[in-house]
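To find a chain, count down the sequence lines: A is the first, B the second, and so on, and within it residues start at 1.
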Amino acid sequence: MNYIFLVDCNSFYASCEMIFRPDLAGKPVVVLSNNDGFIIAANSQAKSLGYKTIEKPFFMLEQQLIKDKVEIFSANFELYGAISKRVMRLLSELSNRIEVYSIDEAFLEVSFNENQLLDIAFYLRKRILDEIGVPVSVGISMTKTLAKAAMEIAKKRREGVFYLKPDQHDVLSSIPVNDVWGVGQKYGEKLIKKGVKTALDLSRLQELWAREHMTVVGLRCVKELNGVPCIKFDSVPQTRKTIQRSASFGHLVFTLSDLKKAISIHCERAGEKLREDKLLSLGILVHIHTNPHLEEPQYGRSAATNFAIPTADTPTLIKYAHKLLEEVYLPGYRYLKTGVLLFDLIEEDMAPGNLFRQPYIDSKEQKLMNSLDAVNTGLEQGTLAFASSGIGENPNKMRQSKRSPRYLTRWSEIPEVKAK
DNA sequence: TCTGGGGTCCTAGGACCC
DNA sequence: TCTGGGGTCCTAGGACCC
């Protein structure tokens with residue numbers, strides 16, 4: 001019999017920070033988003049003080065956090081990514097049917113006897129905690145949606161593991177419909193209005209209604225809650241379809257030239273990602289918009305175009321992006337945010353030939369980009385940069401006053417251990 | 001009075017996820 | 001002063017083609 005395990009790291013970012021700070025054990029810890037905008041992770045102690053993720057902006061909570069003696073960290077995604085890799089590597093020792101679903105969770109498909117399931121989950125949990133230092137919860141069931149539901153229960157239990165058998169109506173009726181995977185705010189409101197309040201109610205919803213009001217996504221959700229697998233298991237990671245880089249400015253920006261610098265930096269980062277994944281892009285989109293939280297004239301627009309040949313060459317990205325930016329830019333507005341999106345990505349070796357133009361692969365541009373990446377990954381990101389991104393200034397500069405060291409990925413930030 | 005049918009592609013917007 | 005960022009999938013409507 002095949003079962004789905006869902007392994008999810010508890011308050012992942014906060015747990016990562018605590019690995020290197022044993023002095024924080026038992027204390028409330030939160031991690032902030034880029035720009036120190038929101039809380040994006042809170043450990044159980046912080047949650048029990050009432051702190052939730054993505055609720056109120058950090059600046060409105062800061063005083064209370066200090067009063068509550070909560071340890072505050074700025075996001076350190078380089079560290080979290082490195083720890084995530086370790087967790088996933090360990091999990092893949094257990095099953096080669098693994099789908100890494102996000103930075104902190106993975107589905108495993110396993111065929112064991114039912115009476116072995118809990119033992120395996122406990123074993124896995126202990127190994128990840130002992131060897132990596134991250135606590136995880138494990139939800140087990142027959143479909144992904146039910147495994148997610150099992151996870152909701154597992155998270156609330158001290159042992160951190162739960163097996164949801166098919167037709168366990170008492171359990172499904174204890175899960176609010178809003179907590180079901182695939183039900184967000186809008187669908188949640190619709191469902192409650194219709195009297196569908198729990199996962200059990202949802203599993204009994206007429207399929208036609210689900211199809212009509214929640215598209216095929218809703219229909220799949222209902223079927224999965226009834227133990228019918230509808231969401232396929234992707235053990236081979238799909239190549240990504242888009243790469244986005246965008247950010248809010250620390251302060252509002254008026255001028256085309258400031259926007260150009262920001263866009264230039266986004267192109268640098270997007271290009272790095274493209275080459276890291278050995279992909280080429282066929283198209284690029286640029287967007288800009290004003291601050292919707294302010295009561296002043298609003299404006300936002302995007303524009304897209306295709307490249308002459310599939311490329312991963314940063315100067316080309318910048319050239320096209322700047323042209324698009326000039327198309328969408330209107331003077332007189334105060335801009336908050338801008339970004340680029342690369343789409344129609346293909347793998348390097350799948351690039352179609354072109355009779356009239358030299359392909360990017362094996363070009364001198366590619367060699368230059370490879371050298372650039374070697375310097376920037378070996379040293380500090382941005383060691384080598386483009387003049388169009390501005391020199392010694394970064395309009396995208398993030399507020400991140402409380403970032404921990406990148407213990408695992410920078411030699412200069414490696415932890416020091418002193419013997420007494 | 002009555003104004004094809006079917007297919008594809010593109011885009012914008014909505015909904016969801018972490 | 002300060003309100004995240006990066007993804008996926010689905011749908012409807014318009015343009016266009018034969």
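- Residue pairs satisfying the salt bridge (charged side-chain N to carboxylate O under 4.0 Å, His left out) criterion with at least one member in residues 240-255 of chain A, sequence neighbours excluded, are listed as follows: A/R240-A/D277.
- Among residue pairs with one or both ends in residues 27-43 of chain A, none qualify as salt bridge (charged side-chain N to carboxylate O under 4.0 Å, His left out); sequence neighbours excluded.
- Qualifying side chain to side chain donor-acceptor pair (under 3.5 Å) partners for A/E413, counting only residues two or more places apart in sequence or in other chains: A/R406.
- Sorted by residue number, the members of residues 180-202 of chain A with any non-hydrogen atom under 4.0 Å from DNA chain B read A/V180, A/W181, A/G182, A/V183, A/G184, A/Q185, A/K186, A/Y187.
- Among residues two or more places apart in sequence or in another chain, the side chain to side chain donor-acceptor pair (under 3.5 Å) test is passed with A/E131 by A/R127.
- Under the salt bridge (Lys or Arg N to Asp or Glu O under 4.0 Å) criterion, A/D373 pairs with A/R275, sequence neighbours left out.
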Dump every N/O contact between nucleotides 2-4 of chain C and the protein below 3.5 Å, one line per pair.
unit_1 : atom_1 : unit_2 : atom_2 : d
C/dG4  : O4'    : A/S33  : OG     : 3.3

Listed pairs, N/O of protein and of nucleotides 14-16 of chain C, under 3.5 Å:
none

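- Listed by first and then second residue, the ring pair (Phe, Tyr, Trp, His ring centres under 6.0 Å) pairs involving residues 60-82 of chain A are A/Y13-A/F77, A/Y13-A/Y80, A/F77-A/Y80 (not counting sequence neighbours).
- Helical stems in DNA chain B, defined as runs of 3 or more consecutive Watson-Crick or G-U wobble pairs with both donor-acceptor distances under 3.5 Å, are listed by first residue as B:5-18 with C:5-18.
- For residues 50-61 of chain A, the side-chain hydrogen bond (donor to acceptor under 3.5 Å, both in side chains) pairs, not counting sequence neighbours, are A/Y51-A/D68.
- Among residue pairs with one or both ends in residues 205-217 of chain A, those qualifying as salt bridge (charged side-chain N to carboxylate O under 4.0 Å, His left out) are A/E207-A/K223; sequence neighbours excluded.
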